[in-house]
Visitor: 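I am attaching a structure below and will ask some questions about it afterwards.
We name chains A, B, ... by the order of the sequence lines, and we start the count at 1 in each one.
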Amino acid sequence: GAHAFYGGSYVSESLVGVLAEVEAAFRTARSDPAFVQALWLVMQNFAGRETPLGYASRLSAKLGRHIYLKREDLLHGGAHKTNSTLGQLLLAKRMGKTRIIAETGAGQHGVATAMTGAALDLPVEIYMGAVDIERQQQNVRRMALFGAKVHPVEAGGATLKDAINEAMRDWITNVGSTYHCFGTAAGPYPYPSMIKYFQSVIGLESRRQLLEQTGRLPAAVYACIGGGSNAVGLYAGFEDDADVTLYGAEPAGLADGSAHHAATLTQGCVGVFHGMRSLFLQNGEGQISNTHSIAAGLDYPGVGPELAALQESGRATFVAISDMEALDAFETLSRLEGIIPAFESAHALALAIRSSLNHPPGSSHVVCLSGRGDKDLDQYGQIRGWS
Amino acid sequence: GAHAFYGGSYVSESLVGVLAEVEAAFRTARSDPAFVQALWLVMQNFAGRETPLGYASRLSAKLGRHIYLKREDLLHGGAHKTNSTLGQLLLAKRMGKTRIIAETGAGQHGVATAMTGAALDLPVEIYMGAVDIERQQQNVRRMALFGAKVHPVEAGGATLKDAINEAMRDWITNVGSTYHCFGTAAGPYPYPSMIKYFQSVIGLESRRQLLEQTGRLPAAVYACIGGGSNAVGLYAGFEDDADVTLYGAEPAGLADGSAHHAATLTQGCVGVFHGMRSLFLQNGEGQISNTHSIAAGLDYPGVGPELAALQESGRATFVAISDMEALDAFETLSRLEGIIPAFESAHALALAIRSSLNHPPGSSHVVCLSGRGDKDLDQYGQIRGWS
Amino acid sequence: MVMTHRFTQLFAAPHRKAFIPFFTLGDPDPGASFELICTAVEAGADAIELGFPFSDPITDGPVNQRSMQRALKAGTTYATCLELLRRIRSRYPALPIGLLLYYNLLHMRGDRAYAEFADIGIDAIVCSDLPFDESEGHMQMLAAHGLGCIQMVAPNTPGDRASKLLDHSSAFTYVISRFGTTGTNEHFDDEALRRIERLRQSTSQPFVVGFGISTVAQAQAFWQRGANGVIVGSLFSLCIENHLQSIPSVHAFIDGFISEVQGGKACQNVQDAASPTQRVVAAPSFPARNER
Amino acid sequence: MVMTHRFTQLFAAPHRKAFIPFFTLGDPDPGASFELICTAVEAGADAIELGFPFSDPITDGPVNQRSMQRALKAGTTYATCLELLRRIRSRYPALPIGLLLYYNLLHMRGDRAYAEFADIGIDAIVCSDLPFDESEGHMQMLAAHGLGCIQMVAPNTPGDRASKLLDHSSAFTYVISRFGTTGTNEHFDDEALRRIERLRQSTSQPFVVGFGISTVAQAQAFWQRGANGVIVGSLFSLCIENHLQSIPSVHAFIDGFISEVQGGKACQNVQDAASPTQRVVAAPSFPARNER
């Protein structure tokens, strides 16, 4: 809800109206069978749902626990983000919006939005830091192929935070025609709730699939946490199952005691930023920190409000996973299962490798493989000194 | 069969025994419910079958024909090749083989084989031309991540043909322990038949899905042709439907009257090479030609024997598509549908764009999107002068 | 309670036209910032609006963002800002001072922030990322400490909501001139001016217009349509940015601009006499002018 | 028909130990190739095996692959090969000549190929990528033109199949020494030698051993186990490759190696006398030696 301790809608007065408009549209859409049907059709025929829940046999043998992988990496676009961009852009279309904007860091959300805009015939403009554009040429190329316009952001550090700032400015300026497609289950209400709804398919499918395959619920489920969209989506399937432990892996980065991390839940404190009251990495005066993670998609100083609440209530357990642990998991899954996970997803996997051992031998564990790691191969090569 | 006009098993005496062994194993496996079940399980839970048959709404509107895309690009690994590597490696395991070899050109088949080997716990060694290794670092990296050993081949032009030669030599040398995982529906019997069987899931699924979605069969189906594995797989679903036109798009390359193409079916002649009697690009004395295509996966001087027979009987129609036409289709699909096809698949799409117009308005057409185009973005950027 | 009276008093005459410059506290550095603010006051600013620098000022445009980054880089902390405010208040006891803060700064400072501001003698506070609907606690604290509340009205704020916002503003209401963030503007379309006119016709509460105003003529246009004041900020931030190596010329620019604005008022007041809805206010408008 | 008699005659004496060098026609160029072949014959080769260069010689190792690439690059065509064969036959009318072709070359030449070979006086043909099961038409054509058929037996060929292959070879059977392709070999394991021994015990048909033989001792070992001959090819191809700028030294090497092999036969024949299954063949074995 809008007035829980975490969450809310802390935005410029210029956006108050459009957020109310989005909320109303979302409320009617989700209870309109035609919308739900249209959404499921594109989820199935364009995005490739449902995604498999695959048994990781060699990893399971190694751990003595049954590890199941929810294969969001097989979704069109290569990550779970497509669930949300499809939902949001169908909603934008329903609202009569004629222009979509989004910000992007490494480019993943920009690509997902551009791709979805092409499929749904909605023009897309993407804000991306000039530094990131330089670093992520392939994603810039993808967005251009999809017909999206990419605006380089030269302000500030010319990276994600600056791109967000510019996208917000665009939205404030063009609020009538434009829908701002959010990248994660954060930001002002109703975005966190809406994106949870669109991502809940991850958890709902996983639960049904595991019951079909084993007849039992898992001991625990695992997701990585940037803003938290794949986590809230996964948890949505299991939060009412009191015996299922919900784990979240956030980035401990260098894990050297420095500020080179993005472990918001375990090291952040309550603040109000990017439209929401939640946990943030910030200094004592409220200036937002610069963060670090090997995984661009986790490199964010805040976290969705629902996750902050789940931590406070004790329902979910969040653990910080270092770059190195994630890299190990990245290599382990590649070697043992023939699946290269995204660096983001490798955090969830690393946590599963570690924490599943706290559960009985033979117990089942579901890891959300939120994306594929093709995008990380260059960086991996650099880290391992291959190039 | 082994003694049709096209096909056969033209190999060194050293391989005669192992081919008989493969054939026997394949025959018993395909009629063993346990094998079929195990194969379907990995197809589903590891590879992500079934893949969607998606309606390309904007392209359809443009053409006035209903275009459906069989989304093999969503398969784990990013292309239809996984169907075949899973089938072959499960068979190799059943045969008690303890070592897998394969050759690769641009790296796609090497990656698929390495990935499958990791998942099925079979050690994999890949032969790859030294020149190709230099050009395709990301795929080399993937294979290494999957734990495969990559052997650089320095001989000859140090590209695909040389890699094939080396893999064949390895197989001749290590025929007892080793299974040679073929990349396409070519080579000596029983490989073309076996790979057709493993790929037939493409066509069988497409047929059922289109009937479910529209209640009708398509007017025509389209696939690209390198060796022809995705084509024989797609056609398998429709070859008994006499009213369904089977189209195949082979690479016309530069289409400038030079030898810079790989249009084997339309410009090749009958020969005996790579274990089979089929059509090949060769000079008048039988020396095999060097070929060219923008799509590495189509850049092969031969074609599977079944396709040669389908052309001869007139059941299938093969058309050569130039690099430029394929590039146009690559851009068209990206822009209109939010899907970046592999350069290979873009040939099939280009043919559909061209030839669907020979069928009545409102007719349905199925295009096999055999792979995703992420791998082609660097090359595309170079062609378009982006980098 | 007494402190809000400075804005109340400023807007007591219904047609008093206030010119309110905005500065980021600490830009380009705390010392120079203080001097620039003094120049603005002494050039004739009717009141001032001062912003606490914030790492991620989303409702501001790039110009103010860079201004805030300069301030932070120059070592401006929350304490620095308080110290600057103390010095300004001490020099100009009668000057109406409004603050702009991103809400997270207030949130992190906690309740003591309000007491501190009251103690310094701040008149009113606006948080550009704290909409009315989330500001109940904030408004209570402002009221408890006698600090004026500034609500913001946007171009797309519906009429009934605008009325509510005007009612809940205890100092003045900040009316956003156009869709967009802070920044300089070449041109306001007629609709922007008509919006102000309509708002004026709907209320007798004081409101000032901000975002994008960067010429004397623009200020006059908004006054003419009924705004009680205009806020000009990015224009000065941009001037600082462009003359980091010659701050004296920034002083000259501020002095020149504000002098021109204030000098123009006489003429405009004469012009306004032609308008039946406007009255002539002949006396110089700025009480703080000769305070130094 | 008469032509197959050269090999038939060669292997008529059951313990005749033939040394058969292999050359790619046209390596390093057609002219030099002819001269090298002549040197081999005159150094004492009991027969020769000549390969048509092919673009993709899969059953060969890298050494012979490069040899074929050199020949093709030097302009060696099918016609060049025929011309070389005519010259060789003309110079050595009694020399048993076998050909190795990748089947596609024969296939593309069509049926006239067999007539051409018969006309030139070729004795026998082997296609390394045409297994028995696919060779019915080929064998019919060979028989029709009186050309000898050479089948190949691999290390993993089962005994009954090996018998069939031996039966269908009308010149001799080519026994592949080990798993792998052509090339030079440091060492043959005992099993490779035992396989030859077992094959010898199972048949009285002539067979020769090839693939990887590159020392006099290896040749002797295979002879000793019962092979009627050995084929050595990659060793000479490698020598050409290593001395492209000094072809005279290749001649010297070929002459030296073959002389050593042939010289060693006397000693070995003496040793063989110790073996109850072997007979001494005292006379120099090579009828073509003094033909020139």
Visitor: Is A:Ile340 in contact with chain B via its backbone, its side chain, both, or neither, using a 4.5 Å heavy-atom distance?
Guide: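 Contact with chain B involves both backbone and side-chain atoms of A:Ile340.
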
Visitor: Looking only at heavy atoms, what is the nearest atom pair of B:Gly48 and A:Pro52, with distance?
Guide: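 Residues B:Gly48 and A:Pro52, closest heavy atoms: CA-CG, 3.5 Å.
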
Visitor: Measure distances from A:Gln44 to the heavy atoms of chain B and classify the residue's part below 4.5 Å as side chain, backbone, both or neither.
Guide: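 Answer is backbone: N, CA, C or O of A:Gln44 sit under 4.5 Å from chain B.
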
Visitor: Picking from B:Arg335, B:Lys375, B:Glu337, which has the most non-hydrogen pairs under 4.5 angstrom with chain A?
Guide: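 Option with the greatest count: B:Arg335.
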
Visitor: So, do B:Phe330 and A:Leu145 sit near enough that their side-chain heavy atoms are less than 4.5 Å apart?
Guide: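 In contact.
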
Visitor: Once you round to the nearest 0.5 Å, how far does CG of A:Leu336 lie from CZ of B:Phe146?
Guide: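 A:Leu336 atom CG to B:Phe146 atom CZ measures 12.0 Å (nearest 0.5 Å).
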
Visitor: Which region of B:Gln213, side chain (C-beta onward) or backbone (N, CA, C, O), has a non-hydrogen atom less than 4.5 Å from a non-hydrogen atom of chain A, or is it both or neither?
Guide: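 Contact with chain A is through the side chain of B:Gln213 alone.
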
Visitor: Please determine whether side chain to side chain contact (heavy atoms under 4.5 Å, CB included) holds for the pair A:Gln137 and B:Leu377, giving the CA-CA distance in whole Å, both sets of side-chain angles, and the decisive distance to 0.1 Å.
Guide: CA-CA 10 Å; A:Gln137 275 299 311; B:Leu377 285 171; over 6 Å; no

Visitor: Which pair of non-hydrogen atoms, one from A:Ala118 and one from B:Ser334, has the smallest distance, and what is that distance?
Guide: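 Shortest heavy-atom contact: CB-O, 3.6 Å.
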
Visitor: Below 4.5 Å from any heavy atom of chain B, which atoms of A:Arg372 appear? Answer side chain, backbone, both or neither.
Guide: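 Just its side chain gets close to chain B.
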
Visitor: Just so I understand: if I count every heavy-atom pair under 4.5 Å between each of B:Ala119, B:Gly54, B:Ala47, B:Ala114 and chain A, which residue has the most?
Guide: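 The residue among B:Ala119, B:Gly54, B:Ala47, B:Ala114 with the greatest pair count is B:Ala119.
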
Visitor: Quick check on B:Gln138 against chain A: is it the side chain, the backbone, both or neither that has a heavy atom closer than 4.5 Å?
Guide: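 Looking at B:Gln138, backbone and side chain both touch chain A.
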
Visitor: State, with a plain yes or no, whether a side-chain heavy atom of B:Arg142 is found less than 4.5 Å away from one of A:Asp374.
Guide: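 B:Arg142 vs A:Asp374: side chains touch.
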
Visitor: Going by residue number, which parts of residues 67-78 of chain A are within reach of chain B, meaning a heavy-atom gap below 4.5 Å?
Guide: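 A:Arg71, A:Asp73, A:Leu74, A:Leu75, A:His76, listed by number.
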
Visitor: Side chain, backbone, both or neither: which part of A:Glu50 has an atom under 4.5 Å from a heavy atom of chain B?
Guide: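 Neither the backbone nor the side chain of A:Glu50 comes within 4.5 Å of chain B.
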
